[in-house]
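Reading through the C-alpha cells given below for one structure.
One-based numbering along the sequence shown.
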Amino acid sequence: MKSSRKGKNALKSNEPFFKLDLKYRKVLFIVGVVLCSSTFLSPAFALFLGLFFAQFIGHPYMHLNRRATKILLQASVVGLGFGMNIVSAMEVGGEGLTFTVISIFGTLTVGFLLGKLFKVEEKISYLVSCGTAICGGSAIAAVAPVIKANEKQISVGLGVVFILNAVALFIFPSIGHALGLSQEEFGLWSAIAIHDTSSVVGAASQYGPEALKVAVTVKLVRALWIIPVAFLSTFLFKNKQKKISIPWFIGFFVLAMVANTYVPFVQDYSGYIVTVAKAGLTLTLFLIGAGLSKEVVRSVGFRPFIQGILLWILIASISLWAVIYFS
C-alpha cells in the first residue's frame, strides 16, 4: 500500500506545473521552436526556456526529442566549420602551440580528477571537461556521439557550459577593465577562459575591436582541437564489442573549413551558413532543456555544476596569470 502511494506521488511530482491540453502545449512548443530558431535569443536563454517547458508546460514531442537533438547537434558542428580559416588559424596557432596543448590537456586532466573527486558520472565529467578545454557546445556536440553519450548526459554538459558562458559574458569585461588589461591581453584571455565561441565574441566585442580580432583568431585555433580530442575520445571510451569509427560529421567539419578557406564561392555564403549553424545550436539547447524533466533534474544533482565551476575558475585564473606574466 505504501509502495503504491509512493509511486503515485512520484508520478505526480514529475508532471508539469501547468496542466494544459495537448493542443495548447503543441502550439506553445512550436512558438518556442520558432523563437529559438531566430537570432534574437541567446543559447543560454534558449536552454532556460527549454527547462521552463520541461518543468511547467511539458514536452509534447518527447518521443522525437533524442533523434532531433542528435541531428541538430551534428549539423550545427558542420556549419560552424564554414566560419574557420585553416591558414590563419595555423599561423596564429603555431605561435602559441605549446600553451594551447598544455591548457587543453591540463584542463582535461584536472576535469577528470575533479569528476572522480565529486563522483560525477564519467561521460558527463568528460563532456564538461571537453567543453571547458576547447570550445564549449561545439566540442560537446562533436565528442558526445563518439563516446555514445545519451541525451541526459549531453544536456548536463551543455547546461553547465552555457550557464557559465552567460555569466562570463557579463563579468569578464568588468574584470578586464578592473585589472587594466590591454585589448590584446583581454582577447587572448577570453579566448582561453570562456567556453563557447559566441560568448567569446560577445565579451571581446564589448572590450574593443583589437580584443575581438585576437579573441576570434585564437578561439578558432582552439576549435581545431575538436578533431584530435574526438579521435582520442574513441580510444578512451572504446566499445569492445564494436569497431572504432569517427562520425561522418567530423569529416564534413574538416571539409567545411577547407572549403571556406579555398573556395571563393563558399566564402560568399559562409557567414549565412555560420549564422544558421548557431541558430541550430540554440534550437538544440532549447530541445535538450525541454527534455529535462523533474525526474532527470533530480537525478543529475549539483555535482556536475560544482565540477564545471571549479574547473572554469581554475583555467580562468591560471590563463589570466599566464597572459599577464608573459605579456
Side-chain angles (χ1 to χ4, degrees), residues 42-44 80 83-111 129-139 160-226 229 257 260-261 270-271 274-275 278 308-327:
S42 67
L80 291 174
M84 300 182 183
N85 183 288
I86 289 182
V87 176
S88 62
M90 293 300 293
E91 288 177 354
V92 178
E95 300 176 0
L97 181 61
T98 302
F99 184 74
T100 299
V101 173
I102 292 175
S103 64
I104 289 176
F105 288 98
T107 301
L108 292 175
T109 302
V110 175
S129 300
C130 287
T132 305
I134 308 174
C135 57
S138 301
V160 171
V161 164
F162 278 100
I163 288 173
L164 296 181
N165 274 334
V167 174
L169 190 62
F170 295 101
I171 69 172
F172 265 58
S174 299
I175 295 174
H177 287 300
L179 296 176
L181 298 181
S182 67
Q183 289 198 31
E184 291 79 6
E185 290 172 336
F186 182 83
L188 179 59
W189 180 47
S190 61
I192 295 171
I194 299 178
H195 308 73
D196 196 70
T197 303
S198 60
S199 292
V200 170
V201 172
S205 62
Q206 296 179 55
Y207 210 80
E210 190 63 29
L212 179 60
K213 179 180 178 181
V214 173
V216 171
T217 304
V218 175
K219 194 62 181 179
L220 293 183
V221 173
R222 296 182 70 81
L224 292 174
W225 282 86
I226 289 178
V229 170
M257 290 190 292
N260 183 58
T261 304
S270 60
V274 172
T275 299
K278 289 182 178 180
I309 291 171
L310 290 179
L311 187 60
W312 182 48
I313 292 175
L314 181 65
I315 188 174
S317 301
I318 293 177
S319 59
L320 177 60
W321 170 81
V323 167
I324 295 175
Y325 182 80
F326 291 105
S327 296

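Contact between Cys135 and Ile226 at its shortest, heavy atoms only, is SG-CD1, 3.4 Å. Summarising the geometry of Ala139 relative to Ile134, their closest heavy-atom pair is CB-CB, 3.9 Å, with the distance given to 0.1 Å. In terms of heavy atoms, Ser129 sits closest to Leu311 at CA-CD2, 3.9 Å. Here the shortest heavy-atom pairing between Ile194 and Ala168 reads CG1-CB, 3.9 Å.
The CG atom of Leu164 lies 8.5 Å from the CD1 atom of Ile313; values are rounded to the nearest 0.5 Å. With rounding to the nearest 0.5 angstrom, the OG atom of Ser270 is 4.5 Å from the CG atom of Asn260. Atoms OG1 and CD1, on Thr107 and Ile102 in that order, are 11.0 Å from each other to the nearest 0.5 Å. Distance OG/Ser174 to CG/Leu179: 11.0 Å, rounded to 0.5 Å. In this structure, Leu314 CG and Thr132 OG1 are separated by 10.5 Å, a value rounded to the nearest 0.5 Å.
Two residues are said to be in side-chain contact when any heavy atoms from C-beta on lie closer than 4.5 Å; Leu181 and Ile324 meet this criterion. Side-chain contact between Ile315 and Val110 is absent, with no heavy atoms from C-beta onward closer than 4.5 Å. Proximity of Val101 to Trp225: side-chain heavy atoms (C-beta onward) are separated by under 4.5 Å at one or more points.
By the side chain to side chain contact (heavy atoms under 4.5 Å, CB included) test, Ser182 pairs with Glu184, Glu185, sequence neighbours left out. Taking Ala193 as the reference, Phe172, Trp189, Ala316, Ser319 meet the side chain to side chain contact (heavy atoms under 4.5 Å, CB included) condition, with sequence neighbours excluded.
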Residues Ile309, Val160; criterion side chain to side chain contact (heavy atoms under 4.5 Å, CB included); working and verdict: CA-CA 8 Å; Ile309 291 171; Val160 171; over 6 Å; no
Trp312 vs Val167, side chain to side chain contact (heavy atoms under 4.5 Å, CB included): CA-CA, chis, key distance, verdict: CA-CA 11 Å; Trp312 182 48; Val167 174; 4.1 Å; yes
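Between the side chain of Tyr207 and the backbone N or O of Phe186 there is no donor-acceptor pair closer than 3.5 Å.
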